[in-house]
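Note that the structure is predicted; figures quoted are calculated from it, not measured. All chains are named by letter (A, B, ...) in the order of the sequence lines, taking the proteins before the strands, and each is independently numbered beginning at 1.
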Amino acid sequence: MNVKRTWKTVESGPRDYQEALHPVVKKNYGKWKYHELPKPGILKHVAESGDTLFTVRAGTPRQDSVDLIRRLCDIADKYADGYLRFTVRNNVEFMTPDEENVELMVKELEAIGLPVGGVGPCVSSVAHTQGWLHCDIPATDGSGVVKSIMDSLYDDFKNWQMPSKVRLSTSCCAINCGGQADIAIVVKHTRPPRVNHEIIANTCELPKAVACCPVAAIRPTVVNNKQSVMVDHKKCMYCGACFGACPAIEINHPEHSKIGVWVGGKNSNARSKPSLGSLVAHNLPNNPPRWPEVNEVIRKILTAFKKEGRPWERLGEWIDRVGWKHFFEETDLIFEKDMIDSYRHARTTFNQSAHVRF
Amino acid sequence: MNVKRTWKTVESGPRDYQEALHPVVKKNYGKWKYHELPKPGILKHVAESGDTLFTVRAGTPRQDSVDLIRRLCDIADKYADGYLRFTVRNNVEFMTPDEENVELMVKELEAIGLPVGGVGPCVSSVAHTQGWLHCDIPATDGSGVVKSIMDSLYDDFKNWQMPSKVRLSTSCCAINCGGQADIAIVVKHTRPPRVNHEIIANTCELPKAVACCPVAAIRPTVVNNKQSVMVDHKKCMYCGACFGACPAIEINHPEHSKIGVWVGGKNSNARSKPSLGSLVAHNLPNNPPRWPEVNEVIRKILTAFKKEGRPWERLGEWIDRVGWKHFFEETDLIFEKDMIDSYRHARTTFNQSAHVRF
Amino acid sequence: MDEIDMDNEDEKKSSDQDKKFLNPTPMLDELEEGPWPSFITGIKELAERTKKPMLRGVMDQLEYSYQTRMGYWKGGLVMVRGYGSGVISRRTMIKDKIPEAAEFHTFRVQPAPALHYSTKMLRDLCDTWEKYGSGLITLHGQTGDIMLQGIEESKIQECFDAINQAGWDLGGAGPAMRTGVSCVGPARCENACYDTLKLHYRVLKYFTEDVHRPQYLYKFKFKFSGCPNDCSNSIFRSDLAVIGLWRDSIQMDSTEVLDWIEKNGTDSLVNNVINRCPTRAISLEHGEMVIDNKNCVRCMHCLNVMPRALSPGRERGVTVLVGGKNILKVGAMGCTMVVPFFKMDADEDVDKFIELCESIIDWWNDNGFEKERIGETIERVGLKQFLTGVGLEASVDMVAKPRSNPYYKSKY
Amino acid sequence: MDEIDMDNEDEKKSSDQDKKFLNPTPMLDELEEGPWPSFITGIKELAERTKKPMLRGVMDQLEYSYQTRMGYWKGGLVMVRGYGSGVISRRTMIKDKIPEAAEFHTFRVQPAPALHYSTKMLRDLCDTWEKYGSGLITLHGQTGDIMLQGIEESKIQECFDAINQAGWDLGGAGPAMRTGVSCVGPARCENACYDTLKLHYRVLKYFTEDVHRPQYLYKFKFKFSGCPNDCSNSIFRSDLAVIGLWRDSIQMDSTEVLDWIEKNGTDSLVNNVINRCPTRAISLEHGEMVIDNKNCVRCMHCLNVMPRALSPGRERGVTVLVGGKNILKVGAMGCTMVVPFFKMDADEDVDKFIELCESIIDWWNDNGFEKERIGETIERVGLKQFLTGVGLEASVDMVAKPRSNPYYKSKY
Ligand code: SRM
Ligand code: SRM
Ligand code: SRM
Ligand code: SRM
Ligand code: SF4
Ligand code: SF4
Ligand code: SF4
Ligand code: SF4
Ligand code: SF4
Ligand code: SF4
Ligand code: SF4
Ligand code: SF4
């Protein structure tokens, strides 16, 4: 790096938010009274002062070009006083005190290809990870899966057809950077990792590779007179922790890295406590560019939920009410032995009662 | 054994029950229609045939003399056609189709000192263990604790003063042969075990002593040139598993073996799933012959439950409804750090939510 | 009261004492107060009448335990001919202090299922026991045994022969099949969905060999409840719980329902029945009670509240759960459902059930560690592996929810 | 359509292609179909306009990934001066095949709390990024960063200096304090029980050193939600979750309640509000809604359904939860409540809170293992030990139920 430096780094941490707030937000900061959802994609917030603020929310591809971002800025400059924000789900939001701006913005957003929606009882954008585009350990592509799914759920994003909020996530490896969600789509490996003994002999501290495995399946060994490691196939449960930790270990496989679907994850504390998702489909092929098998499973789940869920009832709460047996029947998915927990606190998930539905 | 044997053993297993059944029972076997609880201590069962069977239930000391048992037989012969049975809670039951026999039996039972009750929404007899009278590892006495408690709860056994069934158990060591119950009274050790190196050198297979400890706190060692074991005080959590398993290890202590009280155990599947009891009082002195401190805790718990419980609501279900915080307030018991689980599935008992009562 | 009087009192007491067979037991005597029947009074009466030195020894040692807050029995091995268990041996640790407590062995005797007796059976047992033993009997142990408490080793075989001749056999102890427990079931209960007594009888009879000759990794207990009220406490207290239930719809007698509502009011119907259903399977429609049986989890609550109006369905059977135990070492475990529904009508059903039990026990003995209950083995090895090993179908009924982690080996 | 026509079609396509900067990406092109905005279309447009070879390389590699179902990036170390993290280094594994994908490093940039922007801030960022980097930006990463994706190592320092000068700083990576996430909170939400933006800002500013220079055992994430709706997903996705709530009673506007009932009906009140309260703290009394606030667990449900009628109480603050994470190695963990209520009004409250956070992080770094999240450390060492170590009071609020086993060391 031989560029001449003209600027001394300022370790400022998070960007200051004062200059980023819309004036109506600033004025009524902490003094909001209530909100309404006038129609899909639109929020209306009313402040104690009587001020009203409309929000228009739209979906984005998340992997944005500066071109798209500039277009968003154009819209914000035109209708939202030069401010905009993003949600934790990659949606963009424009706020305005002027009701007439709302429809104009909706039009312009749709014109540049961004659907307005994601507010209220609908499917919002998918929590989203890197995949083949950028990550160093992905078995599939985050953005591609999301695009394929959201094409199918386009109407469910734009309209109120769901009993309540439906939140999705995708993750391109078993680590699940996408997080718990009503429906989570996550890579599931089905074979133990392979060791490249050449690389390990050259680059790796052996203890690290050995220490990273939660079930002690990695053991030091000697290959061609060189120190290396081996994977005990009996113990390994295909978690992939070693893969991220050691460059000589590879677990991804074009055929054997499959996709699993998990339902009933919930982060909010509304009504029921937050809960982890449960595995309901696995062994789905990793099938780019459109992942039809995954899409089909999601369709089945959401069709059943749409039909039976009650207002304010989240997907997992619906299943709690009707029972897992009914869920599998209604969605046409198949409960398999592997879906019985076998990991650390497995016993606490068993049916330790005579309660049973027939 | 030099007695001359005149009888060849018949390994018959359980005693045949046919000859033990009351004729009305035999006649209507499997054809009962419904039951009523005419009054405390009395059950009335009506069969499809129209037959009616009254049951009178009475408490016993469980550790019975043949004298008492013969007296029970006298009553059975007089009023119950020569049959009687016992419940899983050491109560004795007499059955008769003749309603007029009921009051006569009640009188005779009370005359020989046995309280009639234990049916319906009341406290039944205490599930009961051996203690100092017979067991080889007890830290307290089962029967003595039970007698002391039931003296206090005498009216609660005989009358319907509880919202629902209340089941108690006592156990004279941490093993808890008495089982889960609405209120369980169980020994709690507070010091690691002591090793008698003399005994171990003479009698014991070392590996057994070492293997019995669930947290690997027992290690082989050499004392006075003899093989022995030592207890790692850092690891030991005073479970007592080694004590029962190895004769050279002693964990009981007149001062340091305390008594703990656990509430909310439930075995039935009615409404809620069966549940384990939770620790709500510990460090209670082991105070024979009347254990007043234990009695006091039970009184507090039952007073609160009586006041607030709803019909058919078991003790643990009441707490689930009102919350543990309220339970501790209302009973004047104190939640302590040690009551936070720290064992195998501890994490699953933590409050992983923002749900909180103030 | 002056001092002289008091001296007189004391003298009187000690002269009363002289007439007594038992030594003074001041702490135990406090357990004679209060209304609840006193085991101390019982033992004292028995001792004074029979003058058995063993009883005096036991009382002396018990008093000493109360004073020192320690126990003084030690275990050992005492057997009847041909058996490997069934007698719990007790000898005092303080023989020098209390020689009369030298021996105090106990027979565990298997009663009839659901603890039914004729007075003849009981009287005979009392007579034999008074002849050979202490005359003290526990009715019953927590595992369901009659416990004949207190006999000397020298009399054990003779006493056993006598009770065995009268139709009794010993129960389990050690790493063996244990005595079973069954609820009163069809003998007197309208909720019984199968014959608990018969199944208990057939199963335990089948495993008699394993009761008498410990050859398992650890103990194994059966408990039989006629319905999910589980009056035999099976879930946390047995290795294999057999709980009756039905597969079709709850039987409802509409007239009785209306009667109930008339007597108790609609409020009570809502508050005590409808609102208590764990899955909200009951609703009120036009003043009537409607049960969504597909959503009912057979908890028994509504049947308990309205026993005249509601009864179990007609297609009855059992659900089988495995792996319960109490606290020792790993913490308490509840049985886990492994067969949601098992028909239990004909004798062949019982045969099939016993076959299943055998393969469960075999799997455990093949896969478990020494001193490991089957619940611990399943937890260690995996429920899926257990099901595969025993040849059972997996079903979502076996879990509260499917797994939340991806850490498993898939078969494909 | 005959064969000749098809050939023509093909020719036409390939001659179109000739005019294009990008190589053919037939599989990726399928992601341009369908109504949802396509990231492929975006990248193609950007590439065609800017003609940046890096973008062509990335598209080629991505197409190759789609075809072979494997990823081809490898990590490495690229840093800006003085920092130990904040740049994610990416180099292709198949440089021989796709030399243009040689480098594709990413800046993680900390946005303003709750992701607010002025267009000026954003436009400037876009301009700088187009100048030095690929022009591709992720808004936002799951940990809340702006991700400027695609730059060569040689331009990194200069680019960073430029954005830093404009007011931006890098986010976390590696075993470090990570970028925080906060919900929109008081900026636009009536439920906010504290100032999420300010707390986020103050806390992350305080820990800036630890963001830039990884010196922890593993990553540590803060998330800030203004109320228990937890719009920042804190429970399973942060090591320390700060969730707003109130300690007194829910504020109720009776007129608005009646209005609501009039509009929606009593049935809806019962079915959608009363029956959904997790602790049944709401009842209907004489047609009015009554909340038993002692029994309310602050779940937010009734406030969500009736936002005009109900609001959080006046005595507001936060509850602090520790130890959440997702699945890797031990399975997902939820944060556990460790401070039921913490006042968060004055600046001194924030100071005190930061002090608490420091001692929590210190405890973890002292007691944890390498690569162990704090939740794992607490699970291994014990929640009690954690509380003692950090000097927090134990309370029954921290558990769903007190322990069911006696296996603990008592202090007395
Ligand atoms: C804008 C945003 C916060 C932000 O800082 O970015 C936000 C904003 C609001 N949330 Fe949220 N939530 C936002 C993400 C979340 C998340 C996190 C997520 O989606 O990843 C959750 C947790 C989801 C979960 O449980 O997994 C979340 C759980 C809720 C809930 C509880 C829903 C439930 O019943 O479980 C409410 C209550 C409600 O819906 O009225 C809520 C309510 C609201 C309200 C009504 C609050 C208000 O009065 O302004 C806002 C509009 C709701 C809407 O979109 O329908 N917000 N909210 C986020 C928009 C995400 C998006 O673009 O779709
Ligand atoms: C970029 C991002 C996904 C995205 O596209 O949004 C991401 C990407 C990676 N995550 Fe993540 N994680 C990202 C949010 C998360 C989240 C969600 C969150 O923070 O709310 C989680 C789950 C929550 C949690 O912290 O547990 C998450 C859990 C992990 C883990 C598992 C950690 C664990 O203890 O379970 C790893 C593995 C590791 O740390 O070794 C990981 C590792 C990684 C690495 C660094 C993989 C690696 O070892 O190289 C990925 C770098 C990808 C790349 O090329 O940029 N990432 N990661 C997110 C960060 C962007 C940002 O800074 O804003
Ligand atoms: C006689 C006995 C069975 C036996 O084979 O010995 C028995 C008999 C009946 N039980 Fe039971 N239960 C008996 C022990 C149990 C036990 C086990 C125990 O107490 O150790 C339980 C499980 C307790 C637990 O959950 O920890 C038990 C849980 C029930 C329930 C469920 C109660 C609940 O709501 O949780 C019912 C339903 C009811 O009360 O109507 C029930 C109902 C009944 C009924 C009404 C059944 C009937 O229709 O005849 C019988 C009279 C009830 C009563 O006593 O109020 N029985 N019942 C046992 C009497 C014990 C005693 O002397 O007190
Ligand atoms: C006698 C009895 C208590 C009573 O007074 O009723 C009893 C007494 C003993 N139990 Fe028990 N247990 C008795 C029912 C139970 C129960 C309840 C049940 O069966 O429903 C349990 C809990 C359920 C279970 O099986 O887990 C029980 C769990 C234990 C355990 C812990 C086993 C475990 O895996 O957790 C031990 C320890 C052992 O086996 O080493 C044990 C060990 C013992 C020993 C053998 C202690 C010893 O190592 O010497 C006690 C002999 C006492 C004696 O002097 O007779 N006892 N024991 C019960 C048996 C009488 C009978 O045969 O009817
Ligand atoms: S989920 Fe896995 S592959 Fe995807 S971004 Fe996270 S670490 Fe990378
Ligand atoms: S995939 Fe997981 S279990 Fe298998 S060797 Fe790697 S770290 Fe161990
Ligand atoms: S609880 Fe303990 S002391 Fe009491 S009988 Fe059982 S094993 Fe013996
Ligand atoms: S008491 Fe329990 S933990 Fe302590 S040494 Fe004995 S077996 Fe081990
Ligand atoms: S378990 Fe059921 S069948 Fe058996 S006695 Fe109890 S209520 Fe009756
Ligand atoms: S038996 Fe239980 S689950 Fe079934 S309807 Fe009655 S109360 Fe509901
Ligand atoms: S978490 Fe609460 S305060 Fe924050 S945006 Fe969501 S609803 Fe509003
Ligand atoms: S906030 Fe939740 S817990 Fe509190 S009263 Fe409303 S619904 Fe009930």
Side-chain angles (χ1 to χ4, degrees), chain A residues 1 3 7 9 11-15 17 20-21 25 29-30 32-35 45 61-69 73 76-77 82-86 113-114 132-133 136 138 143-144 147 150-151 154 175-177 179-180 214 241 254 267-271 274 276 286 288-289 311 343-344, chain D residues 27 30-31 34-37 39 42 46 65-66 69 71 73-75 110-113 115-119 122-123 126 130 135 137-139 142 157-158 161 165 169 186-188 190 197 201 204-205 208 228-230 233 235-237 272 276 278 299-301 307-308 326-329 331-332:
Chain A
M1 251 174 283
V3 192
W7 168 259
T9 303
E11 296 198 30
S12 52
R15 178 75 195 225
Y17 56 97
L21 299 179
V25 162
Y29 196 86
W32 296 99
K33 222 170 146 210
Y34 66 88
H35 76 277
H45 283 84
R62 192 179 86 131
Q63 309 287 10
D64 304 329
S65 66
V66 288
D67 303 305
L68 177 64
I69 296 170
C73 289
D77 283 337
Y83 296 90
L84 70 170
R85 75 174 289 269
F86 289 80
L114 302 188
W132 291 326
L133 180 63
D136 55 345
S143 318
K147 163 72 176 143
M150 290 310 291
D151 278 342
Y154 191 70
I175 280 177
N176 193 5
C177 296
Q180 302 292 323
N267 297 286
S268 87
N269 290 276
R271 300 167 305 284
L276 298 173
N286 180 19
Y343 207 45
R344 300 172 70 241
Chain D
M27 282 189 96
E30 289 197 41
L31 288 172
W36 191 257
F39 69 110
L46 181 68
S65 281
Y66 270 62
R69 305 188 189 187
W73 296 114
K74 59 171 191 254
Q110 288 191 64
L115 315 178
H116 292 269
Y117 296 92
S118 68
T119 50
L122 259 188
R123 287 188 199 277
C126 287
E130 184 169 340
I137 304 185
T138 305
L139 292 174
Q142 292 304 321
Q157 187 63 42
E158 216 175 332
D161 286 346
Q165 195 153 4
D169 197 2
R188 201 193 56 200
E190 71 273 17
L197 281 66
Y201 187 74
L204 267 292
K205 219 172 161 66
T208 292
N229 278 332
D230 197 5
N233 290 321
I235 298 247
F236 294 119
R237 284 171 60 174
N272 292 328
R276 300 298 184 79
C299 86
M300 291 301 295
H301 174 73
R308 296 179 73 137
N326 218 330
I327 283 175
L328 194 66
K329 287 198 286 192

Counting only non-hydrogen atoms closer than 4.5 Å, does D:Arg276 touch chain A with its backbone (N, CA, C, O), its side chain (CB onward), both, or neither? both
Residue, of A:Glu11, A:His35, A:Gln180, A:Met150, that accumulates the most heavy atom pairs under 4.5 Å with chain D: A:Glu11
Quick one: of D:Gly34, D:Pro37, D:Pro113, who has the most non-hydrogen atom pairs under 4.5 Å with chain A? D:Pro37
Do side-chain atoms of D:Asp169 reach the backbone of A:Gly13 as a donor and acceptor pair under 3.5 angstrom? yes
Please give me the minimum heavy-atom distance between A:Val66 and D:Glu130, naming the atom from each residue. CG2-OE1, 3.4 Å
CD on D:Gln165 to CH2 on A:Trp7, rounded to 0.5 Å: 5.0 Å
Who wins among D:Leu139, D:Asn233, D:Ile327 for the most heavy-atom pairs under 4.5 Å with chain A? D:Leu139
Which atoms of A:Ile175 are under 4.5 Å from chain D, going by heavy atoms: the side chain, the backbone, both sets, or neither? both
Is the side chain of A:His45 donor-acceptor paired with the backbone N or O of D:Arg188 at a distance under 3.5 Å, no angle test? yes
Value for CZ (D:Phe39) from CG (A:Asp64), rounded to nearest 0.5 Å, stands at 12.0 Å
Could you go through the side chain to side chain donor-acceptor pair (under 3.5 Å) check for A:Ser268 and D:Asp230 one step at a time? CA-CA 5 Å; A:Ser268 87; D:Asp230 197 5; over 6 Å; no
Residue D:Pro35 versus chain A: region with a heavy atom under 4.5 Å: both
Do the side chains of A:Lys33 and D:Glu190 get nearer than 4.5 Å, heavy atoms only? no
Under 4.5 Å from a heavy atom of chain A, the part of D:Lys74 involved: backbone
If you count heavy-atom pairs under 4.5 Å between each of A:Ala241, A:Gly82, A:Gly113 and chain D, which one has the most? A:Gly82
Search all heavy atoms of A:Pro14 against all heavy atoms of D:Leu204 and return the closest pair with its distance. CG-CB, 3.5 Å
Would you call A:Tyr29 and D:Leu197 a side-chain contact if the rule is heavy atoms closer than 4.5 Å? yes
Out of A:Leu114, A:Leu133, A:Asn286, return the one with the most heavy atom pairs under 4.5 angstrom to chain D. A:Leu133
Starting from the C-alpha separation in whole Å, work towards a yes-or-no answer on side-chain contact (heavy atoms from CB on, under 4.5 Å) for A:Phe86 and D:Tyr117. CA-CA 8 Å; A:Phe86 289 80; D:Tyr117 296 92; 3.6 Å; yes
At what distance, to the nearest 0.5 angstrom, does OG1 of A:Thr9 lie from CG of D:Asp161? 5.5 Å
How about A:Gln63 and D:Thr138: does a side-chain donor come under 3.5 Å of a side-chain acceptor? yes
Closest non-hydrogen atom pair, D:Arg69 against A:Pro254: CD-O, 3.5 Å
Check whether A:Arg62 gets within reach of chain D through its side chain, its backbone, both or neither, counting any heavy atom under 4.5 Å. both
If you count heavy-atom pairs under 4.5 Å between each of A:Tyr83, A:Tyr343, A:Tyr154, A:Trp132 and chain D, which one has the most? A:Trp132
D:Ile235, part contacting chain A, at a heavy-atom distance under 4.5 Å: side chain
Name the option with the most non-hydrogen atom pairs under 4.5 Å to chain A; the candidates are D:Ala187, D:Gly75, D:Ala332. D:Ala187
Output the distance between atom CH2 (D:Trp36) and atom NZ (A:Lys147), rounded to the nearest 0.5 Å. 9.5 Å
Which heavy atom of A:Tyr34 sits nearest a heavy atom of D:Pro307, and at what distance? CB-O, 3.5 Å
Distance, nearest 0.5 Å, that separates CG of A:Asn176 from CZ of D:Phe236: 11.5 Å
For the residue pair D:Lys205 and A:Ser12, what are the closest heavy atoms and their distance? NZ-O, 2.9 Å
Keeping the roles fixed (side chain from A:Asn269, backbone from D:Asn229), state whether a donor-acceptor pair exists under 3.5 Å. no
By a 4.5 Å heavy-atom criterion (distance strictly below it), what part of D:Met27 contacts chain A: side chain, backbone, both, or neither? both
Who among A:Ala76, A:Cys177, A:Gly179, A:Ser143 has the most heavy-atom pairs with chain D under 4.5 Å? A:Ser143
Compare all side-chain heavy atoms of D:Leu122 with those of A:Leu84 and state whether any distance is below 4.5 angstrom. yes
For a quick test of reading the model, state the closest non-hydrogen atom pair linking D:Leu31 to A:Pro289 and the distance between them. CD2-O, 3.2 Å
Donor-acceptor pair, D:Arg123 side chain versus A:Cys73 backbone, under 3.5 Å? yes
